[in-house]
Amino acid sequence: MGPRSADVVVTLDGTVRAPDDPLVCPVDPMLTRGAGVFETMLVRTGGPCLLDDHLDRLVASSAVVGLPVPDPARWRAAVAAAMARWAGDGVLRLVHGPRISFVTVSDLPERVLRARRDGVAAITLDPGPRGPLTRAKSLSYAANSAALREAHRRGADDVIYVDAAGAVLEGPRSSVVIAMGETLVSPPPAALPILPGTTVAALFGAAADCAYRPLHVTDLIAAQGVWLVSAVTLAARVHTLDGVALADAPRATEMTRLIDTAITR
């Protein structure tokens, strides 16, 4: 990847902070209770992708968690200040808490580049009962982190959540999209306890044949391609599920093209 760039940190009042400058005090609810929400998006050639969509979801997540309503204009100003200090691709994160809010920009993780290039092996896990936080990008991330650790323990890269009946939900940090013939299909966020995916929504705005439908784990096995779609990784093809190799994805190149088109609109 080359030498790592210095992270950029900008508070919501426009103050630029050094990456190693303490920002959150030890008793902040963001640390002690995980009280806060966040959004993460791709930066391409110095510009954030789908910023308005992510700001809309930041507002929605804040309402779920009970945080003050974010002012999109202030967030855009903080993002602009961060972008003025960044060049090339990266990861932009918006973090909103009860006492402090800030923006960070950092390099793309190696795992992202590897997942785009090589695809991923995934396991299915039942996440158990899901509450209102499943529809928010909450900093309360312990369950997702535990699921990803379990995947790594089993020699896999990622997770697809399924319920006890085998209904497909989402990934810890992604939405699930499959190819069923000529149609791209994703589980319906309006009907399930899952986070509405900004990248899937953009993808479906660019794709000619797409639908939100309930999916079962058997649909993953029969599909002509399974992808974990997210704002930073974009599309990671699932080539192995629960240790079993999946069929090739004839539309893999098209999927990459569609998402590239969708996020740059």
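Positions are given from 1, in the same order as the sequence printed here. When reading the values below, keep in mind they use all heavy atoms of this one structure, side chains included, and skip hydrogens, waters and symmetry mates.
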* **Derivation of the side-chain contact (heavy atoms from CB on, under 4.5 Å) call for T134 and I194** => CA-CA 5 Å; T134 59; I194 61 177; over 6 Å; no
* Dump the intermediate steps for side-chain contact (heavy atoms from CB on, under 4.5 Å) on I160 and L241, then the final yes or no. => CA-CA 9 Å; I160 295 177; L241 185 65; 4.2 Å; yes
How many angstroms lie between [atom1] in [X] and [atom2] in [Y], if you round to the nearest 0.5 Å?
{"X": "D7", "Y": "R85", "atom1": "CG", "atom2": "CZ", "answer": "14.5 Å"}
{"X": "E39", "Y": "R93", "atom1": "CD", "atom2": "CZ", "answer": "10.0 Å"}
{"X": "H96", "Y": "S61", "atom1": "NE2", "atom2": "OG", "answer": "10.0 Å"}
{"X": "L184", "Y": "Q224", "atom1": "CG", "atom2": "CD", "answer": "10.5 Å"}

* Asked: Hey, mind stepping through T198 and D56 against side-chain contact (heavy atoms from CB on, under 4.5 Å) and telling me if it holds?
  -> CA-CA 10 Å; T198 56; D56 288 346; over 6 Å; no
* Donor-acceptor contact below 3.5 Å, side chain D248 vs main chain P250 -> no
Using residues 165-179 as the side-chain source, report each donor-acceptor pair under 3.5 Å to any protein atom, sequence neighbours left out, with the distance given to one decimal.
residue : atom : partner : partner atom : Å
E170    : OE1  : L195    : N            : 3.0
E170    : OE2  : R130    : NH1          : 3.0
E170    : OE2  : R130    : NH2          : 3.2

Using a 3.5 Å cut-off and no angle test, enumerate the donor-acceptor pairs between side-chain atoms of residues 118-127 and protein atoms at least two apart in sequence or in another chain.
residue : atom : partner : partner atom : Å
T124    : OG1  : D242    : OD1          : 3.4
T124    : OG1  : D242    : OD2          : 2.7
D126    : OD1  : G128    : N            : 2.8

* To do: Could you tell me how the ring of F204 sits relative to the ring of Y212: parallel (under 30°), tilted (30 to 60°) or perpendicular (over 60°)?
  => tilted
Listing, residues 42-53 side-chain donor-acceptor contacts under 3.5 Å, not counting sequence neighbours, or none:
residue : atom : partner : partner atom : Å
R44     : NH1  : D260    : OD1          : 3.2
R44     : NH2  : D260    : OD1          : 3.2
D52     : OD1  : R76     : NE           : 3.4
D52     : OD1  : R76     : NH2          : 3.1

